[in-house]
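Only one structure is covered here, and it is reproduced in the block below.
Letters A, B, ... mirror the listed sequences (proteins, then strands); counts begin at 1.
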Amino acid sequence: MEAKPIITCHGNQTLFSSLHPAVVNGLPKDVCEWRRSFGRAPRSVQLEGSFVPYDPDILPEEDTKTLVSRPYFHIYWTDCDLDSYKQTVRDDLAEWQAALKARSIPDWMIVVVVPDESKVKAKILPRSSVIDKVRSDFCSKQPDRSVVLIEPLKAEQKSVESWNQFFHKLRALLLQAYNRHLNKYEENMRSLREKRNEAGWTYFDYFSVQEELGFMLEVLGLREDALIQYDELDAMFDQFVENHASGAPVTWLSPLVKPCTSWSGLSLAKPIDLDLRDRVKRTLTSLLEFRNYLFCRQAALLFAMGRAWEVAERAFDFLRNTVSEMKALEVKIPEGGLQCWVVLSGLEVLAACQKHETGQVDRCSIFTAHLWDYIRAKLKELGQLCSLMPGMEPTSEQLNQVLDLKGGMALSHDQETVGDVPPVDKLHEALSSPGLFKKHYLEMCELAMGTYKHISRFRSARKIGRELANFYMKIGEPQKAEGFLMDAVKMYGREGWDSLSHATMRELAACQKLMGDTKRFVVTACNVAGSSYLPDADRKQHLSEALQVLDSDDRVELGGSRLIDTTQLRLNKPTVKVDDEVSMTIHLHSHFPQPLTCDSVHLALSPCLAHHMEEASNQSDPPLSQEAVTVTMDTHTPSPSCSLRRGFPHNIQAKALYEQRQGRLVASGITSDVAFDLLKRTDSVPMTTELGDAVVRADYENSLCATSVSLRPGDNELTLTMKAREEGWYSPSQMCVSVKGLEILLPVATTALRLHVACYRPAFTLTPNHTDAFVAGIEQAGTLTLHTGSQSMEHPTSATLQCSNPVTITPTQGGTGGQVSLPPQPPHSTISVDVSVFLPLHAATGDDGSVCAPQVECRVEGWGDPVQGNMSFVVPLSASHRVYTARDKKYIQIRLESRVGVAVTVTKPQVSGRGATFTFLNPGDHWVVCGQQTVSLVWEVTADRDQEETEVSVTFTCDFACDLDLAKELRTFSYSCCLGQFQTWYVVEYNLSGEATITAPVPGTQLSSRSMKVAGFQSGITYPLYLTVTPVTARCSAPRHQQLVYRVTADSTVWALAGKTTGVFSVGEKPFRASLRVIPLAAGYQHLPRVQLYRHKGAKPSAADIWVKRAEAECRSIDSEEDSPPSEEPDLEEDLDPNADLEDFSRGRVYNASLAKQVHVFPTPASSDIEVTMVTE
Amino acid sequence: MSNMAVCVAVIAKENYPLFIKTTPTDNELQFYYTVHTSLDVVEEKISSVGKNANDLRELYLGLLYPTEDYKVYGYVTNTKVKFVVVVESSNTSLRDNEIRTMFKRLHGAYVDMLSNPFYNPGENIVSRKFENVVMGMMKQD
Amino acid sequence: MADEVPFEFLHMELVAHIHNTSTKEENDTCIAKLESLGYRVGLSLIERFTKDCSRFKDELDMMKFICKDFWNLVYKKQIDNLRTNHQGVYVLQDNKFRFLTQLSNGKQYMEAAPKYLAFPCGLIRGALCSLGINCIVTAEVSAMPACKFQIQIQRL
């Protein structure tokens, strides 16, 4: 009701009309707070009013039951001055007041308007103004009821203030009036409600009463409260219905439960349908109509409050509840009537919501989606009822039914409707013919589905999709249905609802069959056949249909990981040779309901890397005994959730972590190696779909196969074979089961199973027969062993052996050097040929002296690459030389050593060299060199006179023979060396003098028994050491007057040296003599101090140096108490620094005759008692 | 026992069914579809909890959505396991509180079942003890 | 929920048994086995413990639950310190971890510590995974009986 509360205005009407617009506009400008009784929350109310002229007739009675459209308030307007007041206005006012009082109306107000002050010529006497008069006359008890409006038409501060005051008062008084009335009304209403269970009480009377209150509240703008009234009425009615249905009938309800003849839907076009209201009041409506009315009112309020979504929310409950109410009350209604009503009302609500939505689309959609679904379902029911669904033929009865139904709905021009097309028209259309029904039904489905998708309720959307698909199938458009069904299947599969997925797949199969899409049908049918959720009969039927439908030309690929499980793979021989047979045993578990005769089963092998690069190329034969490798595949867990557990695995391979620092453990803990991989995983894991589309056929070039296999339901064992062709490492990748044109592909990739197809290369070795390595220099028997590997020789061929070194390899049985003839050989066989090998001795050693190990290449005719092989040689003999000296005689010794295990006989040793004569000293004529034993041959060397200083190159030759030698010839061995500067120039002799003889006990006996005479030296006593250097005059090529240096050294714990331990001298014809003093310190047989001779190379020092050096030399003397005997050193040259620039003589130049001399030194006699300590254990 | 459910379902975290039990009817699959579709509403409700901090963060979700014949109630544990109970609409004697207790019992039975070391989380529930609890709250024909 | 002493003893015996019945090469798998055990137990325990709680708001809420209620129920004390970098890494510090208190008070026997930490790590991981937080739990001990559990959450 948009009628505003009525306010009458009496008095100066012209005045009022001038002020009327201002008042009307100004009143609602501010809200005022209305405090309510019973502890209800205060509400802010915007008051409005419609102002009408006063008429005593329209004054309401006191007990008028209406709230709206009755005058609430009465205002008297005047702008008179005091005189006119006294004359006319006062009386008028009095009359007015009397009338009001007569009706007990306390809600009135007097407004005195004070016009422009400027117009007043004379000032009003301050004694009394009109307002005071008025107040005193009429408002003595209620001063609030009179207000002054000062200069209302001006916009000054004063006027604005007075306007505000006026409005304030007016509002307050108005509210007071309302409050009074409303409270009275509510009380009335409440008492009426209390009586509801009494006889004679009708709900509808009460309904009107409460509705009036609702209207009033609405008028006041308190729509929320108005809605509450309707909600209360709603709840009360529900309660009554429930009671009535459960056996406590109320009389006033009976007319409502009459058989229902009309089922027109809601109409939300107008906020209130007054006709209907009227009928409600008079209890003339049916249940449906009443419900319509109530909901319509509620909806109107909600729309006005901007809560369109709530309308949609309530609509669903409303429709459902009404339907169940009708059922509970057993109201007779023709079949389909209720559905019609639902459809009509639903469409109306949806249209209204759409109109009012603006900005709340999402919120609305949650509820409108449900609504669409609901009315769609109802329409479907109608369709089935009236045989309008595809495939149904309406009978005449049904046609009549349709007419009846149509008759029960209001015609479109009778009812106003929101939206462009009235729902009635739509339904009429839909019911008129199957074609139109189809159109409407499809539209509804699409709308429902679209709305669900919009609010992201995909499961609900897919459910409707299935319904749609069903429908399309019925109308013979399976291709449209297919999409929906596939979506549904995917969704159910993805979420793990296999039972639903398979049930839908069955429908999909039917759809695809209808479409004639053979390939897809076969795929789906097979999946249906493999499902454990569907009944056996269905599965078998699908399987047989699928097989029937397959033509031999078609090729259909199907990912079969849900149809067939591979449980175990066994590779019987993991390593095979090329052209060998590979066999594998496979255990399969088939989910098909019937035995399946397969044309073939293939297992594809794909090449893979060999993890440990075994030296396959060097193997000449496959291992003899091999164990079969068995791999058990992960069996599919029965629950479909395995593919869904995208979460973390149970086992993250945790391991202990130890942190060390400086060798000590500072921290330990737990860590996981796979952490990084697991944490970075994203959510999108490609999964095999239910229909197995994602499988790609692998490369079946290398594949094992078995033909004509019958797969029983359950476990099966198959053996597949193939011939190994190419070399490499392989592992299984995919298995293909072919039935006619259908290929079921199963991934079986596993790295645990690896097949090694080896291609063995030919190899050959040359080995000597009796020794480890070939002996150079002799012709030796050897064996050439050729492994053919994977190659074969079909005809007799020849092999050419080539070597970098001048090695001759000759087969013993004919053939020229380097060519070996070979008979035909199968692969993986060995052939041995006896050969003799000869390497001349001179070529045996390389430049650096190392023994050569030549590479041999064997080229076989008919094979591609030459085969490489190695040979190794050793030299049979090795020689070394050494020069020995005895004074001035020189000897050369040649030592021969054997390098082979076999004995080598040496004969005719010869040494020759220019510039020297050699005299052989060994007796005998042949020597055997073998093993570790060496043979030494000695010659005396005499240098020719004119070959004194040059080097003599010496060549040693001998003949040798070895048992290994096939040729049995005498071979020559030679060795050359060089002797240089080997002549003796000087002989050094020295001795100690002053030997004494003492008596000493024989060692090993007691002191007092036998004794003997011993000669020796006493330790601690100084003895002279005489040194002589004699030049070897005979053939001595030593340069004359060469500066020589002698040096005496000794271990300081054994000898103490005194005197000149070193000195420079030169030797002429006569020998040089020197002496020094030594003190033996240690007892026993001691070697004499060592004397060494050097060549001096320095320049002559200056005199001063000599002087210094002499002093130094004297200071260096140890214990020199005695004078050094100068007389025995006549040959000392001027002192040259003996320490500078010493040059060694080359070996053999100096002969030290006293090198090994030893002298006996007695210990110092004990001077005192010796203390002996015995230690016992 | 007056608690008469027509269908009881336990759904795993990833939305696949761990356990569904329905009263034996001709068309059992329809309950499966109903439960599956109700997951939409369940997800909606869970995802909106965080946004309104004032919402009572109860595990019980209440009435998910009504159809003409049935009412579907939902309950989600902290571990995102969902329980769904379908009740006939005509069973008006069933109060909200009773439904709550039904869910509490279900939750308790589920926790007990999970504590069985022979049960691998994520597998279908086959425990007879659990089934008995569920049968106890279902409508017997 | 678990009485302290029997639980400690049971855990010790569990660790000892698993290590004694494995060969020398499988040393690392013992730790992995213990962790898996803990995972499974954690899954079940968390269901029981959260049965009567209100719904968790967010990840932080769940972590707080682990630190306070869960730890209390299992080890009869709370976590002493929880730190996070708000990027999915949480560090739980327990200054007196129940399984380590009887081992040593410093660095002695540190090489044996990981064995006793495997099960608790799995426990936390199982609990969190069940709540919907996929994570990896690692532990570190540098001075017994204090130890740190680090939780790394999978970022989606």
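A donor-acceptor contact shorter than 3.5 Å links the side chain of C:Ser44 to the backbone of B:Leu114.
Around NZ of B:Lys129, the count of heavy atoms belonging to other residues, nucleotides or ligands within 6.0 Å does not exceed 12. Around the OH atom of C:Tyr109, the shell of radius 6.0 Å holds no more than 12 heavy atoms that belong to other residues, nucleotides or ligands.
For B:Asn116, the part sitting under 4.5 Å from any heavy atom of chain C is the backbone (N, CA, C, O) and nothing else. The parts of B:Tyr119 that come within reach of chain C are both its backbone and its side chain, each placing non-hydrogen atoms under 4.5 angstrom from that chain. Residue contact with chain C, scored on non-hydrogen atoms closer than 4.5 Å, involves the backbone and the side chain of B:Val76 alike.
When all heavy atoms of C:Cys53 and B:Asn78 are compared, the pair lying nearest together is CB-ND2, 3.8 Å. Between C:Arg48 and B:Ser115, the closest heavy-atom pair is NH2-OG, 3.0 Å. The heavy-atom pair separating B:Thr79 from C:Glu47 by the smallest distance is OG1-OE2, 2.7 Å.
For B:Lys13, the side chain to side chain contact (heavy atoms under 4.5 Å, CB included) partners two or more places apart in sequence, or in a different chain, are B:Lys80. Take C:Glu111 and apply the side chain to side chain donor-acceptor pair (under 3.5 Å) test, not counting sequence neighbours, and it matches no residue.
Here the straight-line distance linking atom OG1 of B:Thr77 with atom NZ of C:Lys51 works out to 11.0 Å at 0.5 Å rounding.
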